[in-house]
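Inspection log for the structure reproduced underneath, given as structure tokens.
Atoms within a ligand are numbered from 1 in the order they appear, just like the ligands themselves. Basis for what follows: all heavy atoms, side chains included, without hydrogens, waters or symmetry-related copies.
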Amino acid sequence: MMNLILLGPPGAGKGTQAVRISQKYSIPHISTGDIFRKNIKEGTELGKKAQEYMNKGELVPDNLVIEIAAARLMEDDCQQGFLLDGFPRTVMQAEELDKFLDQRNHPIYKVIDIDVDKEELMTRLIGRRVCRSCGATYHVINMPPEKEGLCDICGGELYQRSDDSASTVANRLEVYNTSTKPLIEYYERSGRIIHIDGGKDQEDVFTDIINAIGDN
Ligand code: ADP
Ligand code: ADP
Ligand code: ZN
């Protein structure tokens, strides 16, 4: 049972690594941010509520997030393990997640904490581009697509997330420090955390993660 969590500030490379990790261990990649963006695109009630917070770089309220995360984790494909990306983000979310998983006897196996310094996070977030069709992530300098503005995988149009603007990014990093960083200590207490230097290039970060998880 490979239940994993990716922790780390916005821009640390969680989504980028999640694609590789989920392939390697054949577990679904669950990003609460992606779920919200899908709901916004489809114009659902949940999307409308979430958008208000996301635009300002604030966290979506715990009750909404916990509800969608629990629903997702009850789906069939999560029963053999999963990789959470961007959830939990508050101690309250982490506690609720532990309760939920304890009831099912499927505890978290490891928490992968990816650390990157603040200057680099700003550069990564502001240069991030995402494919409108398949969600693949690029960076204008670090990971440019072969053809400018187009996805290498599906040919879709690349766009900049509205919350990746300079002003919103600064607030998101503050929100991370206040609300999410305490989770490092929360998971430290149960000895489940792995610390990864996310400042290296993405291949090396991936190798470090796999080595730290061990061969399962
Ligand atoms: P997160 O999901 O943690 O917010 P992403 O995976 O979306 O982070 O990465 C943020 C940006 O940084 C993207 O544009 C991505 O292409 C780029 N990036 C990811 N990993 C690295 C890395 N190791 N070195 C340089 N740039 C990276
Ligand atoms: P990043 O890792 O680059 O910050 P995400 O896609 O994970 O981006 O999240 C985008 C936004 O979605 C967050 O700024 C927040 O508003 C909302 N969000 C995503 N996950 C959560 C969560 N677990 N709790 C609260 N808000 C969340
Ligand atoms: Zn694409």
Side-chain angles (χ1 to χ4, degrees), residues 5-21 29-40 46-47 49-69 72 84-94 96-97 112-117 120-145 147 149-164 168-169 171-176 179-180 183 196-209:
I5 294 176
L6 275 166
L7 192 63
K14 300 182 297 299
T16 303
Q17 296 301 328
V19 173
R20 294 159 167 269
I21 299 167
H29 167 204
I30 301 170
S31 155
T32 41
D34 286 348
I35 296 174
F36 288 134
R37 278 184 293 276
K38 182 161 176 275
N39 276 274
I40 291 173
L46 174 68
K49 281 185 204 155
Q51 189 164 31
E52 284 175 46
Y53 299 93
M54 291 170 77
N55 284 344
K56 290 183 272 182
E58 300 290 337
L59 294 181
V60 175
D62 284 336
N63 60 331
L64 283 181
V65 187
I66 291 164
E67 204 177 303
I68 62 147
R72 181 66 188 87
L84 288 170
D85 162 12
F87 177 85
R89 257 178 156 99
T90 63
V91 171
M92 160 90 156
Q93 291 177 20
E96 290 299 318
L97 176 65
I112 305 156
D113 172 46
I114 308 185
D115 194 31
V116 173
D117 70 53
E120 173 69 9
L121 291 172
M122 301 283 278
T123 312
R124 286 190 188 181
L125 288 167
I126 289 162
R128 172 160 63 188
R129 299 293 181 271
V130 182
C131 174
R132 228 180 254 292
S133 312
C134 76
T137 299
Y138 297 84
H139 189 280
V140 289
I141 295 154
N142 303 345
M143 256 168 273
K147 289 196 205 112
L150 297 178
C151 178
D152 292 348
I153 301 165
C154 77
E157 181 206 357
L158 302 187
Y159 78 106
Q160 179 171 30
R161 274 169 48 176
S162 57
D163 59 344
D164 281 344
T168 312
V169 159
N171 189 40
R172 286 163 63 204
L173 294 175
E174 274 193 36
V175 167
Y176 169 79
S179 304
T180 309
L183 285 184
I196 299 290
D197 174 5
K200 303 183 185 178
D201 66 48
Q202 58 157 302
E203 304 287 335
D204 294 337
V205 175
F206 181 62
T207 307
D208 288 352
I209 292 174

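- Contact annotation: the side chain of Leu59 never approaches that of Tyr53 to less than 4.5 Å [non-hydrogen atoms, C-beta and beyond].
- Cation-pi geometry between Arg132 and Tyr159 is met: under 6.0 angstrom from the ring centre, within 45 degrees of the axis.
- The main-chain N or O of Gly57 is never found under 3.5 Å from a side-chain atom of Thr168 such that the two would form a donor-acceptor pair.
- Salt-bridge annotation for Arg20 and Glu203: present, with a side-chain N of the basic residue lying under 4.0 Å from a carboxylate O of the acidic one.
- Listed by atom number, the atoms of ligand 2 under 4.0 Å from Gln93 heavy atoms are 22 (C), 23 (N), 24 (N), 25 (C).
- Considering Gly198, Gly13, Ala136, Pro10 only, the shortest heavy-atom separation from atom 8 (O) of ligand 1 involves Gly13.
- Taking every non-hydrogen atom of Met54 and a distance limit under 4.0 Å, the qualifying atoms of ligand 2 come out as 11 (C), 12 (O), 16 (O), 17 (C).
- Here the heavy atom of the protein found nearest to atom 21 (C) of ligand 2 is Arg89 CD, 3.5 Å.
- Of all atoms in ligand 2, listed by their number and element, those nearer than 4.0 Å to a heavy atom of Val65 are 22 (C), 23 (N), 24 (N), 25 (C).
- Geometry note: the Zn ion (ligand 3) is the vertex, Cys131 SG and Cys151 SG are the arms, and the angle is 110° (rounded to 10 degrees).
- Close contacts of ligand 2 with Thr32, meaning ligand atoms under 4.0 Å from a residue heavy atom, involve 19 (C), 20 (N), 21 (C), 23 (N).
- Residue Asp85 has no N or O atom closer than 3.5 Å to an N or O atom of ligand 1.
- With a 6.0 Å radius and a threshold of 12 heavy atoms from other residues, nucleotides or ligands, Glu67 has its CD atom at or below the threshold.
- At a threshold of 4.0 Å, the pair Glu52-Lys56 does not count as salt-bridged, since none of the basic side-chain nitrogens sits closer than that to a carboxylate oxygen.
- Between the side chain of His139 and the backbone N or O of Thr123, at least one donor-acceptor pair lies under 3.5 Å.
- Some N or O of Ala12 is nearer than 3.5 Å to an N or O of ligand 1, by distance alone.
- Distance alone, capped at 3.5 Å, is enough to place a donor-acceptor pair between the Lys14 side chain and the Pro9 backbone.
- With respect to atom 10 (C) of ligand 2, the closest heavy atom belonging to the protein is Arg161 NH2, 3.5 Å.
- The side-chain heavy atoms of Ile114 and Leu7, taken from C-beta on, include no pair separated by under 4.5 Å.
- The closest heavy-atom contact to atom 27 (C) of ligand 1, among the options His139, Met143, Gln160, comes from Met143.
- Closest to atom 2 (O) of ligand 1 among all protein heavy atoms lies Gly15 N, 2.9 Å.
- Proximity of Met92 to ligand 2, defined as any heavy-atom pair under 4.0 Å, is not found for any part of the residue.
- The existence of a salt bridge linking Asp34 and Arg37 is confirmed by a sub-4.0 Å separation between a basic side-chain nitrogen and an acidic carboxylate oxygen.
- When heavy-atom distances to ligand 1 are checked against a 4.0 Å cut-off, Asp201 comes that close only through its backbone atoms N, CA, C and O.
- Under 4.0 Å from ligand 1, the heavy atoms of Lys200 that appear belong solely to its backbone.
- Of the protein's non-hydrogen atoms, the one nearest atom 1 (P) of ligand 2 is Arg172 NH2, 3.4 Å.
- The shortest N/O to N/O separation between Gly127 and ligand 1 does not fall below 3.5 Å.
- Residue Thr16 touches ligand 1 through backbone and side chain together, judged by heavy-atom distances below 4.0 Å.
- Those atoms of ligand 2 that come under 4.0 Å of a heavy atom in Arg128, given as number and element, are 3 (O).
- Interface of Arg37 with ligand 2, defined as ligand atoms under 4.0 Å from a residue heavy atom, comprises 6 (O), 10 (C).
- Contacts of Gln51 with ligand 2, taken as heavy-atom pairs under 4.0 Å, are absent altogether.
- Polar contact with ligand 1: absent for Glu120 (N/O pair, distance under 3.5 Å).
- Atoms of ligand 2 lying under 4.0 Å from at least one heavy atom of Glu58, given by number and element, are 15 (C), 16 (O).
- Heavy-atom proximity to Lys14, at under 4.0 Å, picks out these atoms of ligand 2: 2 (O).
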